[in-house]
Amino acid sequence: MNVAIRLAKEEEAFIVHQVMIAAFEEYRQMDVPSSALNETVDSIRQKLRSGTEQALLCFNSNQPIGTVRFTINGASLYFFRLSVCPKARGKGVAKAMLHWLEDYAKECKVQEISCRVRASIPKNIYLYESAGYHICEEKIVMSNDVIPVKTVVMKKYLAK
């Protein structure tokens, strides 16, 4: 699949949100639904405006099919809400966005990239492992501040 990937602009927060909701809809029926489903266009727009986070948009034939949000803190890039529309899955879109993030991280002199993944979703863990990430920590996080969710932190160290 031929894709175009670029940083999202603040005014594209609605596209970031739309793609994320389409991708995370499958997690709505889980015992503890993803908190991504509670995010709003305004909350994403405010974070993009303030610079507290950035987002990528991935397009195929000018149609948005993927997004991922991220922050850079010192020598580390942390990404989250990696989202691929269901119809575009299995075609290398997620790996293309990960590769873009890695190139961007190197330009920013970042030495490692990390993410947090629910331990109960092995397909996501496998995706990151197949892209060179490894599990470096297991941690229980509290969803909605009351429900424990087992997660793993996955990291990839970048060659200088």
Side-chain angles (χ1 to χ4, degrees), residues 5 7-8 13 16-58 66-86 88-90 92-160:
I5 301 172
L7 288 170
V16 172
H17 182 262
Q18 179 182 26
V19 172
M20 180 189 70
I21 293 298
F24 277 77
E25 186 60 37
E26 70 180 282
Y27 304 124
R28 189 176 299 278
Q29 302 307 319
M30 294 181 77
D31 289 341
V32 183
S34 173
S35 59
L37 297 165
N38 299 327
E39 290 194 62
T40 66
V41 173
D42 284 339
S43 68
I44 295 169
R45 183 180 297 115
Q46 289 171 4
K47 290 173 184 169
L48 293 176
R49 179 182 302 135
S50 70
T52 56
E53 67 183 48
Q54 297 181 72
L56 293 185
L57 281 170
C58 180
T67 186
V68 60
R69 290 161 45 205
F70 65 98
T71 61
I72 296 178
N73 185 3
S76 181
L77 183 149
Y78 175 77
F79 69 89
F80 54 101
R81 306 292 197 236
L82 188 136
S83 308
V84 176
C85 290
R89 290 182 185 160
V93 175
K95 285 191 178 175
M97 289 190 293
L98 290 173
H99 185 72
W100 193 101
L101 278 179
E102 291 170 19
D103 288 345
Y104 185 77
K106 289 175 186 174
E107 288 175 21
C108 296
K109 308 287 190 255
V110 167
Q111 298 170 356
E112 70 177 33
I113 298 182
S114 65
C115 66
R116 182 179 306 279
V117 183
R118 285 188 185 209
S120 63
I121 308 176
K123 69 179 181 177
N124 291 351
I125 293 171
Y126 175 75
L127 166 68
Y128 299 125
E129 286 177 336
S130 71
Y133 291 75
H134 68 278
I135 295 172
C136 64
E137 180 184 356
E138 293 182 9
K139 188 172 184 179
I140 303 291
V141 297
M142 302 305 281
S143 177
N144 300 326
D145 296 324
V146 295
I147 304 169
V149 177
K150 185 177 179 184
T151 65
V152 294
V153 175
M154 301 189 74
K155 284 188 181 179
K156 182 174 185 176
Y157 297 96
L158 302 175
K160 293 183 181 180

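The chain is numbered in sequence order, starting from 1.
Within the 4.5 Å cutoff, no side-chain heavy atoms of Pro86 are placed close to those of Glu25. Side-chain contact between Ile135 and Glu129: present, with at least one pair of heavy atoms (C-beta onward) separated by less than 4.5 Å. Side-chain contact between Lys95 and Leu127 is present, with at least one heavy-atom pair separated by less than 4.5 Å. Taking 4.5 Å as the limit, every side-chain heavy atom of Pro33 sits out of range of all side-chain heavy atoms of Tyr27. Considering only heavy atoms from C-beta on, Met97 comes within 4.5 Å of Val84 through its side chain. Within the 4.5 Å cutoff, the side chain of Pro148 has heavy atoms near those of the Met142 side chain. Within the 4.5 Å cutoff, no side-chain heavy atoms of Val149 are placed close to those of Ile140. Two residues are said to be in side-chain contact when any heavy atoms from C-beta on lie closer than 4.5 Å; Arg81 and Ser35 meet this criterion.
Phe24 and Ala36 get closest at one heavy-atom pair: CD2-CB, 3.7 Å. Closest approach of Arg69 to Glu53, counting heavy atoms only: NE-OE2, 2.5 Å. Minimum interatomic distance between Ala13 and Ile44 (heavy atoms only, all atoms of both residues): CB-CG2, 4.0 Å. When all heavy atoms are compared, the tightest approach of Ala88 to Val93 is O-CG2, 3.7 Å. Across Ala8 and Val16, no two heavy atoms sit closer than the pair CB-CG2, 4.0 Å. Across all non-hydrogen atoms, the minimal contact from Cys115 to Tyr78 is CA-CE1, 3.7 Å.
For Lys156 (side chain) and Ala131 (main-chain N/O), a donor-acceptor pair under 3.5 Å exists by modelled atom type. Thr40 places a side-chain N or O within 3.5 Å of a backbone atom of Ser43 that can act as its donor or acceptor partner. Here the side chain of Ser120 pairs no donor or acceptor atom with the backbone of Arg118 at under 3.5 angstrom. Although no hydrogens or angles enter the test, the distance criterion places no donor-acceptor pair under 3.5 Å between the side chain of Thr67 and the main chain of Leu57.
To the nearest 0.5 angstrom, Glu112 atom CD is 10.5 Å from Tyr133 atom OH. To the nearest 0.5 Å, the span separating CG on Asp103 from CD1 on Ile5 amounts to 9.5 Å. Distance check, rounded to the nearest 0.5 Å: CZ of Arg116 to NZ of Lys155 gives 10.5 Å. Rounded to the nearest 0.5 Å, atoms CG (Leu82) and CG (Asn124) are 8.5 Å apart. Rounding to the nearest 0.5 Å places CG of Leu77 at 10.0 Å from CG of Asn73. From His17, atom NE2 reaches atom OG of Ser83 across 10.5 Å, with rounding to the nearest 0.5 Å.
The side chain to side chain contact (heavy atoms under 4.5 Å, CB included) test with Tyr104 singles out one residue from Ile72, Ile113, Leu56, Val110, and that residue is Ile72.
Using a cut-off of 4.0 Å between Lys/Arg side-chain N and Asp/Glu carboxylate O, Glu26 and Arg89 are scored as salt-bridged.
Under a cut-off of 6.0 angstrom, the local environment of NE2 in His134 is crowded, with over 12 non-hydrogen atoms contributed by other residues, nucleotides or ligands.
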Residue pair Leu7, Trp100: steps toward the side chain to side chain contact (heavy atoms under 4.5 Å, CB included) verdict = CA-CA 10 Å; Leu7 288 170; Trp100 193 101; 3.7 Å; yes
